[in-house]
Q: 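Next up is a structure, given as structure tokens.
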Amino acid sequence: MRTLIVTLSTLLIALSLNARKQRTGPQRLHPTPPPQPELIEPQPEPFDTIVSPSKTQIRFAGYDKPNRATRETFFVTNNLPDSATIVQLEVTFTYSDMQDRMLHRADRTIECNIPHGETRKLSVRSWDSNHAFHYFRSTPPQRRPSTPYKVSSTVTRAILTPRQ
């Protein structure tokens, strides 16, 4: 009986050693070279940029932001002389109280589509997250006090598409 146990143990040890020697993964791995990018000739950009156009070329009007509003709305007119369409505006808004003391200044990038000679209504997220201010030409809130403010806008850059 003892001989049978020793023989079985030896056989199990031999089988377990043989199992450890087996390789189950791929035998010879060779790295594949990365694909070569195709050479693409650079295409000219179809956009043009105007830095700081005059106030008569891009005109802002009709600003509104009631006290509880989360967005500020306004109208933008494209009077640029080259008949191009405005696709993006970079605007600096300066907010001041009624004594012309600055309250806040915000630089905004606004995506739009304003063809030559046309007007579009645009909006941006409001700077007044606490709803403590109202535009001085808007109706003031009746239930809680609110500080009136004025706003001025300066276009710092306009991105245009060419005339088609």
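Residue numbers run from 1 in the order of the sequence given.
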Q: Could you measure the distance from the OH atom of Y149 to the OG atom of S138? Nearest 0.5 Å is fine.
A: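 Answer rounded to 0.5 Å: 7.0 Å.
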Q: Are any non-hydrogen side-chain atoms of V155 and L89 less than 4.5 angstrom apart?
A: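 V155 reaches L89 side chain to side chain.
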Q: Taking salt bridge (charged side-chain N to carboxylate O under 4.0 Å, His left out) as the definition, give me every residue that meets it alongside D107, ordered by chain and number, with sequence neighbours left out.
A: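 In terms of salt bridge (charged side-chain N to carboxylate O under 4.0 Å, His left out), with neighbours along the sequence ignored, D107 is linked to no residue.
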Q: Which of these passes side-chain contact (heavy atoms from CB on, under 4.5 Å) with T85: T161, L160, I159?
A: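 The side-chain contact (heavy atoms from CB on, under 4.5 Å) with T85 is passed solely by T161 among T161, L160, I159.
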Q: Looking at every heavy atom in both R105 and T94, which two are closest together, and how far apart are they?
A: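 Minimum heavy-atom contact is CG-OG1, 4.2 Å.
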Q: Name all residues meeting the salt bridge (charged side-chain N to carboxylate O under 4.0 Å, His left out) criterion together with D64; count only those two or more places apart in sequence or in a different chain, and write none if there are none.
A: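 For D64, no residue satisfies salt bridge (charged side-chain N to carboxylate O under 4.0 Å, His left out) once neighbours in sequence are set aside.
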Q: Nearest 0.5 Å please: distance from the CE atom of M102 over to the OG atom of S152.
A: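 M102 CE to S152 OG: 8.5 Å, rounded to 0.5 Å.
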Q: Could you work out, with side chain to side chain contact (heavy atoms under 4.5 Å, CB included) as the rule, every residue matching A106, not counting sequence neighbours?
A: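 Side chain to side chain contact (heavy atoms under 4.5 Å, CB included) list for A106, sorted by chain: Y95, H104, R108.
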Q: Using every non-hydrogen atom in the two residues, find where L103 and S96 come nearest and quote the distance to one decimal.
A: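 Nearest pair, atom of L103 first, then S96: CD1-C, 3.8 Å.
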Q: Tell me every residue that passes side chain to side chain donor-acceptor pair (under 3.5 Å) with R71, counting only those two or more places apart in sequence or in another chain.
A: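 Listed in chain order: S123.
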Q: Who passes ring-ring contact (aromatic ring centres under 6.0 Å, His included) against F133, sequence neighbours left out?
A: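 Scan of F133 (ring-ring contact (aromatic ring centres under 6.0 Å, His included), adjacent residues dropped) gives W127.
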Q: Find the distance between CD1 (I86) and CD1 (I110) and round it off to the nearest 0.5 Å.
A: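 Here the rounded value is 10.5 Å.
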Q: Please find the pair of heavy atoms, one from S146 and one from P141, that lie closest to each other, and give the distance.
A: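 Residues S146 and P141, closest heavy atoms: CB-CG, 3.4 Å.
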Q: Among all residues two or more places apart in sequence or in another chain, which pass the side chain to side chain donor-acceptor pair (under 3.5 Å) test with Y135?
A: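 Once residues adjacent in sequence are excluded, Y135 has no partner under the side chain to side chain donor-acceptor pair (under 3.5 Å) criterion.
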Q: Output side-chain donor-acceptor pairs under 3.5 Å for residues 73-81, partner residues at least two apart or in another chain, one line each.
A:
from : atom 1 : to   : atom 2 : distance (Å)
T77  : OG1    : T119 : OG1    : 2.7
N78  : OD1    : L80  : N      : 3.0
N78  : ND2    : A84  : O      : 2.8
N78  : ND2    : I114 : O      : 2.9
N79  : ND2    : T56  : O      : 3.4

Q: Taking only residues at least two apart or on different chains, which pairs with a member in residues 113-127 satisfy salt bridge (charged side-chain N to carboxylate O under 4.0 Å, His left out)?
A: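 Every salt bridge (charged side-chain N to carboxylate O under 4.0 Å, His left out) pair that includes a residue of residues 113-127, provided the two are not neighbours, is E118-R120.
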Q: Using salt bridge (charged side-chain N to carboxylate O under 4.0 Å, His left out) as the criterion, list what pairs up with R144, not counting sequence neighbours.
A: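 In terms of salt bridge (charged side-chain N to carboxylate O under 4.0 Å, His left out), with neighbours along the sequence ignored, R144 is linked to no residue.
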Q: With salt bridge (charged side-chain N to carboxylate O under 4.0 Å, His left out) as the rule and sequence neighbours excluded, what pairs involving residues 88-104 come up?
A: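 For residues 88-104, and leaving out neighbouring residues, the salt bridge (charged side-chain N to carboxylate O under 4.0 Å, His left out) pairs sorted by first residue read E90-R157, D97-R101, D100-K150.
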Q: Nearest 0.5 Å, please: how far is CG in L122 from OH in Y63?
A: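 Nearest 0.5 Å value for the OH-CG distance: 13.0 Å.
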Q: Considering only heavy atoms from C-beta outward, does the side chain of C112 approach that of Q88 to under 4.5 Å?
A: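 No, too far: nothing below the 4.5 Å cut-off.
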Q: Let me confirm one number: the CZ-NE2 distance from R137 to H134, rounded to the nearest 0.5 Å.
A: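 So the gap between those two atoms works out to 12.5 Å.
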